[in-house]
Number of protein chains: 4
Amino acid sequence: MTPLNEQQLELLHIQRIEQIKKAALKVFARRGIIGTKMSMIAAEAGISQGLSYRYFKSKEELFITLIQDALEEAKNSMEQINHLSGTPIEKMRTLTKNMLEDNNKQFFMLIQQATASDEVPEQAQQLLEQFSKENPIQLLIPLFIEGQEMGQFCEGAPNKLLFCYFSIITGLMLQEAQTDENYWIHEVDLLMKVIMK
Amino acid sequence: MTPLNEQQLELLHIQRIEQIKKAALKVFARRGIIGTKMSMIAAEAGISQGLSYRYFKSKEELFITLIQDALEEAKNSMEQINHLSGTPIEKMRTLTKNMLEDNNKQFFMLIQQATASDEVPEQAQQLLEQFSKENPIQLLIPLFIEGQEMGQFCEGAPNKLLFCYFSIITGLMLQEAQTDENYWIHEVDLLMKVIMK
Amino acid sequence: MTPLNEQQLELLHIQRIEQIKKAALKVFARRGIIGTKMSMIAAEAGISQGLSYRYFKSKEELFITLIQDALEEAKNSMEQINHLSGTPIEKMRTLTKNMLEDNNKQFFMLIQQATASDEVPEQAQQLLEQFSKENPIQLLIPLFIEGQEMGQFCEGAPNKLLFCYFSIITGLMLQEAQTDENYWIHEVDLLMKVIMK
Amino acid sequence: MTPLNEQQLELLHIQRIEQIKKAALKVFARRGIIGTKMSMIAAEAGISQGLSYRYFKSKEELFITLIQDALEEAKNSMEQINHLSGTPIEKMRTLTKNMLEDNNKQFFMLIQQATASDEVPEQAQQLLEQFSKENPIQLLIPLFIEGQEMGQFCEGAPNKLLFCYFSIITGLMLQEAQTDENYWIHEVDLLMKVIMK
DNA sequence: CATGAATGAGAGTTCATTCAT
DNA sequence: AATGAATGAACTCTCATTCAT
């Protein structure tokens with residue numbers, strides 16, 4: 001039993017946190033905060049019931065942490081789109097595929113669960129509202145205008161079109177969430193019809 | 001010696017049931033079956049906690065009853081569309097507006113909540129599966145084909161287009177569900193873009 | 001609607017009380033005070049749920065009243081035995097048959113239920129204790145001694161024999177209570193073996 | 001890293017179950033299933049309200065388990081009587097003393113409570129009915145006949161005599177149940193008079 | 001007087017969180 | 001650090017009692 005040095009302990013600590021967060025994300029995304037029992041997360045992570053509490057003060061804190069991650073991830077996705085190369089359509093297609101990917105889908109679902117429920121912790125509520133105010137979706141507007149000017153995208157107020165576009169994504173994910181399938185990732189072009197000419 | 005006659009009692013009975021169902025629908029639609037406490041429904045209906053149990057054996061039974069109503073309503077909407085007059089586009093527009101109306105929106109949300117959750121009562125589960133099998137959405141396919149033949153609707157497999165179309169509706173409702181606004185009902189035409197040429 | 005005069009009202013009042021007491025006795029005797037719902041008594045009496053409360057302040061009061069009646073009845077049975085004619089054995093046989101009769105059986109069961117349960121109202125508890133102290137069973141002791149002197153009854157401490165005798169009665173009633181039969185009333189002599197030579 | 005090894009945990013688990021069953025038996029035997037609150041059992045066992053639910057799914061399951069134990073115990077008592085040595089009278093005397101012992105008395109009372117109540121869980125009902133059908137009391141009949149042939153027991157249909165005999169036991173226990181005394185265990189011979197010549 | 005709808009306190013049960021080991 | 005047993009607040013549901021009609 002050689003004691004581990006500080007660095008190794010630190011590493012283990014981080015790994016544990018990630019392990020728990022990953023398990024929690026999977027369960028929260030599917031079942032929401034109320035529908036999720038701490039025992040489910042523990043089972044999913046393969047640890048004991050009490051252990052999560054060494055790393056997160058409460059179920060709420062764990063949920064809030066994940067919401068933060070999810071919003072950050074969402075923001076990143078939006079920001080990075082402008083660094084891609086290609087036409088507006090190609091960029092949107094890439095973004096769409098990215099969102100429908102498994103990992104991001106869980107983040108997306110988590111946000112959806114949180115947005116749709118009245119049961120989210122106060123602080124998560126605030127993060128969501130702040131996100132909604134910052135509205136990173138706005139970051140896509142220049143891209144949209146460019147697309148419209150190029151004649152690729154259809155006419156209309158860009159923010160409305162975008163809102164509509166994200167509604168499809170949301171709706172599809174909810175359907176898919178039940179089936180564990182990844183059908184629509186192959187039908188991206190159909191989804192994009194709503195914004196294309 | 002009964003102060004009220006049978007007819008009056010029967011009427012009051014029905015009114016109470018409707019009152020409770022209305023309150024329950026509102027809360028269930030927003031919060032799902034687990035997130036909803038019977039005390040919330042009672043408060044919403046302006047009655048005491050115990051009273052609901054004179055009219056519904058349990059929270060589950062109340063929920064199942066509402067799911068039944070919602071599915072019936074959905075089926076009716078689909079069936080009646082063919083009795084409308086007008087072009088396929090006009091018919092779809094009517095259906096869409098109908099769905100986005102407040103009352104139907106709540107039914108829609110309820111079904112969404114039930115479909116998305118693992119915690120629904122067995123019987124509700126079965127009703128949803130049966131509905132899914134019957135797939136009343138199929139009723140719209142002839143309309144779609146007609147629209148495509150008339151050149152109003154875009155090409156593509158009708159069932160995919162329909163699925164996509166309902167995903168938008170779902171997504172929009174979820175967004176709106178939080179705000180109690182009725183914004184998109186005014187933007188029906190934008191939503192229909194996805195199915196139109 | 002000729003108004004009834006005071007006497008008639010008084011009569012109705014008494015009849016109602018008897019009606020409720022009779023129904024309550026039947027249900028209490030079988031199910032005990034906790035196992036009995038006021039709605040059961042109402043149903044048995046063929047009246048509405050609320051009506052009992054015009055005649056008895058509470059379920060407890062109704063129960064206590066019946067305990068009083070039962071104890072009184074028991075005392076009477078014991079007292080009257082000495083006014084009967086016949087040998088000690090004949091007297092005991094008469095008493096036994098009397099107890100096993102349907103109406104008295106219910107009183108007996110009620111007392112048994114009350115004695116055996118910890119849930120009886122305070123006041124009922126006191127009545128039972130007082131009865132136990134007065135011990136009307138003692139009234140039978142002279143009869144017993146007479147029987148022993150006549151060589152009809154077996155030897156032994158009369159109070160022990162009596163206690164044992166009543167235990168048989170109790171036990172039999174409990175068995176019969178389940179079956180609604182009146183079997184043992186025909187086997188009185190077997191029961192009496194315990195006290196006879 | 002588990003502080004206790006598996007064996008120790010297993011042992012603690014069994015001890016807890018026994019602790020809860022013992023407390024529950026004591027309370028159920030006195031108050032029946034309805035009259036018993038889970039909080040009473042918890043208090044009697046010196047544990048918190050929720051803990052019982054780690055070991056028994058519900059109050060009903062706990063009750064059923066105890067009924068099973070009680071019936072098993074009863075059956076064993078009957079079966080073992082034939083393995084004893086001695087005359088029929090001596091055997092019955094042993095059985096009687098055994099039944100009046102404290103632990104068995106509680107089992108007996110539990111069965112009595114369950115038989116007398118309409119509120120027992122379905123499964124407990126079935127166990128009781130099955131026991132009643134198997135009728136282990138029949139096991140005593142050969143002993144009885146032997147006793148009659150030896151001239152120790154009185155004449156008469158053995159099953160009637162046995163029923164009568166058990167009624168005394170039942171009745172006595174009910175009396176004693178209130179007092180926590182063990183008086184009659186010293187007066188076994190008096191009880192046996194009913195079956196003896 | 002009589003009804004039965006309505007109330008609300010209290011019981012059974014679950015589960016987030018704590019704690020002994 | 002890790003386990004899982006133990007706690008107790010909070011939720012669903014029942015039923016004695018009250019009250020409008």
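These values consider heavy atoms only, across backbone and side chains, with no hydrogens, waters or symmetry-generated copies. Residue numbers start from 1 in every chain, and the chains themselves are labelled A, B, ... in the order their sequence lines are given, proteins ahead of strands.
Per the geometry, CG belonging to B:L12 stands 11 Å off C1' belonging to E:dG4, to the nearest Å. As a whole-Å value, the separation of A:Q19 CD from F:dA1 P is 14 Å. B:I47 has its CD1 atom 7 Å from the P atom of E:dT7, to the nearest Å. Between the C1' atom of F:dA1 and the CG atom of A:L11 lies a distance of 15 Å, rounded to the nearest Å. Put simply, CD on A:E61 is 16 Å from P on E:dA16, counting in whole angstrom units. Rounded to whole angstrom, the span from the CG atom of C:L9 across to the P atom of E:dC1 amounts to 8 Å. The CD1 atom of D:I41 sits 18 Å away from the C1' atom of F:dT7 (whole-angstrom rounding). A:I17 places its CD1 atom 11 Å from the P atom of F:dA2, with the value rounded to the nearest Å.
Remark: F:dT14 base-pairs with E:dA9; criterion is Watson-Crick or G-U wobble with both hydrogen-bond distances under 3.5 Å. If you check E:dG4 for Watson-Crick or wobble pairing at under 3.5 angstrom, you find it paired to F:dC19.
When distances are taken from the side chain of D:S48 to each of E:dC1, F:dA6, E:dT3, the shortest belongs to F:dA6.
Residues D:E129 and D:Q125 have side chains in contact (heavy-atom distance under 4.5 Å, counting atoms from C-beta outward). Between D:L110 and D:Q106 the shortest side-chain heavy-atom distance does not fall below 4.5 Å. Counting heavy atoms from C-beta on, the side chains of C:L62 and C:F28 come closer than 4.5 Å. In this structure the side chain of A:L66 reaches within 4.5 angstrom of the side chain of A:K21, judged on heavy atoms.
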Margin query: One character per nucleotide, please: for nucleotides 11-17 of chain F, 5' to 3', B when the base has a protein heavy atom closer than 4.0 Å, S when only the sugar-phosphate does, - otherwise.
Written below: SSBBSSB
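Residues C:Q126 and C:E122 have side chains that bring a donor and an acceptor to within less than 3.5 angstrom of each other. Remark: the C:E72 side chain and the C:Q68 side chain contain no N/O donor-acceptor pair separated by less than 3.5 Å.
Residue-level contact check: A:F56 touches neither bases nor backbone, having no heavy atom under 4.0 Å from any strand.
Using a 4.0 Å cut-off, some side-chain N or O of A:R16 falls inside it from OP1 or OP2 of F:dA2.
Heavy atoms from other residues, nucleotides or ligands lying under 6.0 Å from CD of A:Q7 number 12 at most.
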